[in-house]
Amino acid sequence: MSEFNNEIWFVGAEMAPLVKAGGLGDVMGSLPKVLLKTGMNVRVVIPYYKNIIPKNLIDIREVYPPGKVNFGEIPFDFGIKTGFAMGDIPVVLVEQNHFFNREDVYGSHGGVCAYKDNLWRYAMLAHGAVYAMRILGIPLVVHTHDWSGGLVPAVVRQTFGDEKVRLQGGTEGILNAKLGRHVNAKGLRPAIVFTIHNLGYQGVYGIDDFYDIGLDFKYNSSSAYEHFGTFNSLKGGMKLSDVVTTVSPTYAGEITSPGFGFGLDGELKSLKNEGRLKGILNGIDLDYWNPKTDRLISSNLNLNEDTYKLKDYGEWKDFKLKNKKALFSDISMPMKTGDNGEVLPLIGIVSRLTEEKGINEFLDALFNWSDFPFQAVILGSGKDYIEGKANYLSKIHGDKVYAMTGSYDEALSHKIYAAADIFVMPSKFEPCGLSQMIAMRYGCVIAAGDTGGLHDTVSDIMDAGVKNPSGILIKHTSPDGIAWALNELYNRYIGDGAEWGSLVVNSANKHFGWEDSAKVYESLYYGIIK
Ligand code: ADP
Ligand code: GLC
């Protein structure tokens with residue numbers, strides 16, 4: 001007889017502060033932290049990568065016995081470790097050196113050059129996670145993420161069966177840690193929640209790959225992973241889960257249309273009609289991303305209240321100027337002033353450099369602009385041609401543009417958020433976007449694509465109905481569209497200060513924490529097991 005351990009298990013490919021390649025890492029670190037605070041029992045399962053930051057992982061223990069899985073004819077041994085990530089989040093780590101002892105999370109250049117065997121790597125994560133459940137107690141809910149967590153629902157079902165746990169005589173708050181373990185006499189499976197963070201990455205492989213990742217062959221069907229003759233990890237993950245969520249309300253609507261659905265819009269539309277697709281806005285960790293206490297920036301914000309007034313703009317101006325000076329001295333770029341004697345506004349970019357992010361078009365906007373009245377600091381890695389273009393721009397405009405490409409640099413990202421006046425994120429699609437939320441927390445005015453989570457979080461200065469604008473929404477991610485938006489912001493920046501000041505203060509007042517969305521997740525978990 002097994003038992004339910006009254007836990008919610010997150011399974012995914014990354015988790016800050018242990019290992020992070022992008023926003024998924026932030027979410028896997030920050031949402032569990034808030035759920036734990038509300039009294040829920042949460043654990044996070046990720047691979048035991050070589051590049052986990054050791055000081056952020058404590059109390060590591062080996063779980064016995066180690067596991068084994070056959071991928072086709074080849075047996076693979078793996079280990080399970082438990083421990084705590086900084087912030088006291090319980091973690092389970094799947095250790096398999098052949099797959100996880102590598103330099104990068106998904107592959108080099110921010111995952112753009114993906115490892116060829118990523119399907120096998122994340123199949124290993126799924127098998128390891130479910131094996132750990134058998135040993136440590138079956139959770140009530142498995143919350144798995146993205147295509148890399150897309151094999152988890154199949155392994156859960158083939159291990160525990162299709163019949164899902166239901167709490168008899170359940171009361172609200174059953175997920176509370178105090179309620180102890182539940183006997184799982186029938187060996188039921190946990191409920192499964194699947195979150196899509198980005199539909200642009202689906203984990204598509206050849207159909208033959210079914211036969212060597214340890215999945216039951218019955219999942220080679222269009223009601224699971226088969227998709228027009230291919231193996232589609234994301235599709236199967238969706239089909240075999242009880243509820244699918246995505247990371248903003250607008251994106252949840254967009255992905256049911258062909259322009260954003262990447263071939264899965266039909267499936268997503270059906271899920272939506274069945275009431276099984278929900279858009280829940282992400283939050284950020286407001287303690288970690290805090291301009292008053294951030295130790296990675298050179299000067300902290302000197303204000304006590306968290307609700308800023310227009311009169312506080314002076315402090316914000318001071319904060320920006322000090323951090324700008326420090327950043328410019330780090331990167332040896334001169335601080336430039338414009339015709340009117342104002343320090344030129346600093347544009348910040350912290351981004352994966354892929355097509356979807358619109359940075360290529362942003363670079364073209366600056367190339368086309370004979371004497372652009374901005375300075376820019378760009379941090380990002382991704383596609384070679386975009387990295388190359390950023391580096392070339394910084395070569396020909398050395399006094400105005402600095403580019404740090406091909407690397408992931410947490411400390412520099414904080415410095416950019418703190419120093420930048422304008423944060424640019426002209427995405428063509430953006431499931432949620434955390435960078436703009438972080439940038440707003442640090443008092444940046446935003447220029448963003450009018451899509452997905454950007455639409456849900458940036459209040460547009462051009463929209464007369466908006467009360468407290470925090471930036472500008474770019475209708476078309478083209479060089480001209482971006483130049484138009486930057487020009488609009490520049491005109492406000494050089495104005496009398498009051499309009500710019502209110503933009504900065506509005507932005508910093510947005511506070512995109514997790515509290516509200518964590519409550520929505522809690523009732524969603526409860527709703528599928530009650
Ligand atoms: P995505 O997950 O699509 O890349 P998000 O806006 O959701 O976009 O999250 C990006 C996260 O990754 C943010 O926390 C951002 O600061 C961080 N980030 C992106 N690129 C880098 C980089 N090169 N160095 C440091 N942090 C980065
Ligand atoms: C993905 C999306 C991004 C989102 C992040 C966290 O990487 O591209 O928009 O913010 O996941 O959910």
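Index from 1, following the sequence. Ligands are counted one by one from 1 in listed order, and the atoms in each one are counted from 1 as well.
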Check: Lys292 and Asp306 side chains under 4.5 Å, non-hydrogen atoms: yes

Pair Trp500 and Tyr493, ring centroids less than 6.0 Å apart: yes

Parallel, tilted or perpendicular: rings of Trp514 and Tyr521 (30°, 60°): tilted

Dump all N/O pairs between ligand 2 and the protein below 3.5 Å as a table: atom names plus distance, one pair per row.
residue: ligand 2; atom: 8 (O); partner: Asn198; partner atom: ND2; Å: 3.2
residue: ligand 2; atom: 9 (O); partner: Glu430; partner atom: OE2; Å: 2.4
residue: ligand 2; atom: 9 (O); partner: Cys432; partner atom: N; Å: 3.0
residue: ligand 2; atom: 9 (O); partner: Gly433; partner atom: N; Å: 2.9
residue: ligand 2; atom: 10 (O); partner: Gly433; partner atom: N; Å: 2.7
residue: ligand 2; atom: 12 (O); partner: His197; partner atom: ND1; Å: 2.6
residue: ligand 2; atom: 12 (O); partner: Asn282; partner atom: ND2; Å: 2.8

Ring center gap for Tyr225 and Phe231 short of 6.0 angstrom: yes

Side-chain donor/acceptor pairs under 3.5 Å, residues 393-400, sequence neighbours excluded:
residue: Ser394; atom: OG; partner: Asn391; partner atom: O; Å: 3.1
residue: Asp399; atom: OD2; partner: Lys336; partner atom: NZ; Å: 3.1
residue: Lys400; atom: NZ; partner: Asp371; partner atom: OD1; Å: 2.9
residue: Lys400; atom: NZ; partner: Phe372; partner atom: O; Å: 2.5

Neighbouring protein residues of ligand 1 - any heavy atom closer than 4.0 Å: Lys20, Gly22, Gly23, Asp26, Val350, Ser351, Arg352, Lys357, Leu379, Gly380, Ser407, Tyr408, Asp409, Ser413, Tyr417, Met425, Glu430, Gly433, Leu434, Ser435, Ile438

Side chain proximity check, Met335 to Leu321, heavy atoms < 4.5 angstrom: yes

Sequence neighbours excluded and cut-off under 3.5 Å, please list the side-chain donor-acceptor pairs for residues 417-424, or say none.
residue: Tyr417; atom: OH; partner: Ser435; partner atom: OG; Å: 3.4
residue: Asp421; atom: OD2; partner: Lys324; partner atom: NZ; Å: 2.8
residue: Asp421; atom: OD2; partner: Leu346; partner atom: N; Å: 2.8

Aromatic ring proximity Tyr385/Tyr392, centre distance under 6.0 Å: no

Plane angle bin for Tyr251 and Phe429 - parallel if under 30°, tilted between 30 and 60°, otherwise perpendicular: parallel

